[in-house]
Amino acid sequence: MMELNLKEVLDERVITTALDVKDKEEALRKMSGMLLANGYIADVDQFMEDIYLREAEGITGIGNGVAIPHGKSKSVTRIGIAIAKLKQAIAWESLDNQKVDLIFLFCVSSDKDFAKNHMRLLSKVAARIADDDLLNQIKDSGQPQEIVSLMCGESA
Amino acid sequence: MKIVGVAACTAGIAHTYIAREKLIKASELRGHTIHCETQGTIGVENELDPADIKAAEVVILAIDIAITGMERFKGKKVVKIDTGTLIRNPIAFIQKVEKYISKN
């Protein structure tokens, strides 16, 4: 039941398994571009600005090569999450001072009443990121569809 | 031991929920019983039952911001940690809490 619901906020069109970027700025810009192309945000520059506002508040690298930046922005028109596996690890402010090669970019409206049911689903997706075994499976996976299945708790 | 906890981060979008999962997993791995509430952008979820608070030997606050409902923990042993430190090393944190409780 819950598994089916999570699919409402997981979208293979905004998941990439081989993002080729040299730094954080480029990673965020390319991931924002994916969100723009698929109708999640209206403006890449505004969205990027809001991501960096959150980045200034605290570290979003949570260790083991994983980062969870969030864009809480008025440019968001649809709630979701962009996921990128990177071809090579990049520098990122992290709890364990390690580089990052897996990014979950939360795409959230700054209007707190916007799509509350989707926000609730997104919090369940966030909870899944606490599972180290799942993260390792994602790092080994080759297809966006596979990542959606793993995040939903289905065996790939 | 019996634990109750609250998780809350600055944005209330991701760290809050990751911290809750890590806290629950680490507590259970160490053989404890835990109930954990979240206070995020979507409001309070998994709200603590007053009976669980009463029975708890310790209250763990994995928080980066002020939370609501602190009066519920009056007279209880409270251990506070930021969500980042908890996420980074949940088992080590629970072991610290165990030591603290055994000494106090």
Side-chain angles (χ1 to χ4, degrees), chain A residues 6 9 50-51 53-64 66-73 76 79-83 93-98 103-135 153, chain B residues 3-30 32 34-48 60-68 80-96:
Chain A
L6 285 190
V9 287
D50 291 322
I51 293 171
L53 278 178
R54 170 61 188 85
E55 290 293 304
E57 283 178 6
I59 283 174
T60 58
I62 57 168
N64 297 322
V66 177
I68 51 165
H70 5 306
K72 197 176 190 177
S73 174
V76 169
I79 289 184
I81 182 166
I83 304 173
E93 302 79 9
S94 289
L95 294 170
D96 60 358
N97 299 312
Q98 298 296 309
I103 302 171
F104 296 87
L105 173 57
F106 286 77
C107 172
V108 172
S109 173
S110 50
D111 172 1
K112 69 178 170 57
D113 291 322
F114 181 82
K116 247 189 165 170
N117 52 333
H118 278 147
M119 284 299 295
R120 193 158 285 127
L121 289 173
L122 206 62
S123 74
K124 295 195 193 310
V125 172
R128 300 277 294 149
I129 298 171
D131 183 341
D132 291 330
D133 294 334
L134 173 74
L135 294 177
Chain B
I3 304 171
V4 290
V6 179
C9 65
T10 319
I13 294 167
H15 288 81
T16 299
Y17 305 99
I18 296 174
R20 176 177 188 268
E21 291 300 308
K22 294 263 185 192
L23 187 57
I24 291 175
K25 241 181 241 173
S27 300
E28 289 177 349
L29 256 169
R30 297 288 304 165
H32 308 300
I34 180 164
H35 296 275
C36 185
E37 170 180 301
T38 49
Q39 296 188 12
T41 37
I42 49 174
V44 174
E45 304 250 298
N46 295 295
E47 190 174 355
L48 294 173
I60 293 176
L61 302 179
I63 58 176
D64 307 323
I65 52 164
I67 55 161
T68 60
K80 215 165 147 182
I81 185 171
D82 64 280
T83 59
T85 309
L86 174 78
I87 288 170
R88 176 82 192 97
N89 214 335
I91 299 275
F93 169 67
I94 293 296
Q95 286 170 322
K96 260 191 208 163

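Side chains included, hydrogens not; waters and symmetry mates left out as well; all remaining heavy atoms used. Keep in mind that this is a model prediction, so the values were computed, not measured. Below, read A as the first sequence line, B as the second, and so on, with proteins coming before strands; counting in each chain starts at 1.
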Can you check whether A:V125 reaches A:V9 side chain to side chain, under 4.5 Å on heavy atoms?
-> yes
Is it the side chain or the backbone of A:I59 that comes within 4.5 Å of chain B heavy atoms, both, or neither?
-> backbone
Which residues from residues 14-22 of chain B are near chain A, with near meaning under 4.5 Å between non-hydrogen atoms?
-> B:A14, B:H15, B:Y17, B:I18, B:E21, B:K22
Comparing A:E57, A:K116, A:H70, A:M119 against chain B, the one with the most heavy-atom pairs below 4.5 Å turns out to be A:H70
B:I63 side, atom CD1; B:T10 side, atom OG1 - distance, nearest 0.5 Å = 11.0 Å
Expected output: side-chain A:D96 to main-chain A:Q98 donor-acceptor under 3.5 Å = yes
Side chain / backbone / both / neither for A:R120 at chain B, heavy atoms under 4.5 Å = both
Do A:K72 and B:T41 come within less than 4.5 Å of each other through their side chains, counting heavy atoms only?
-> yes
Interatomic spacing from CD1 in A:I79 to CZ in A:F114 - rounded to 0.5 Å = 5.5 Å
Honestly, the part of A:D113 sitting under 4.5 Å from a heavy atom of chain B is neither
Euclidean distance, B:I24 CD1 relative to B:H32 NE2, rounded to 0.5 Å | 14.0 Å
For the side chain of B:Q39 and the backbone of B:A8, is there at least one donor-acceptor N/O pair under 3.5 Å apart?
-> no
If we only count heavy atoms from C-beta on, is the A:F106 to A:V76 side-chain gap below 4.5 Å?
-> no
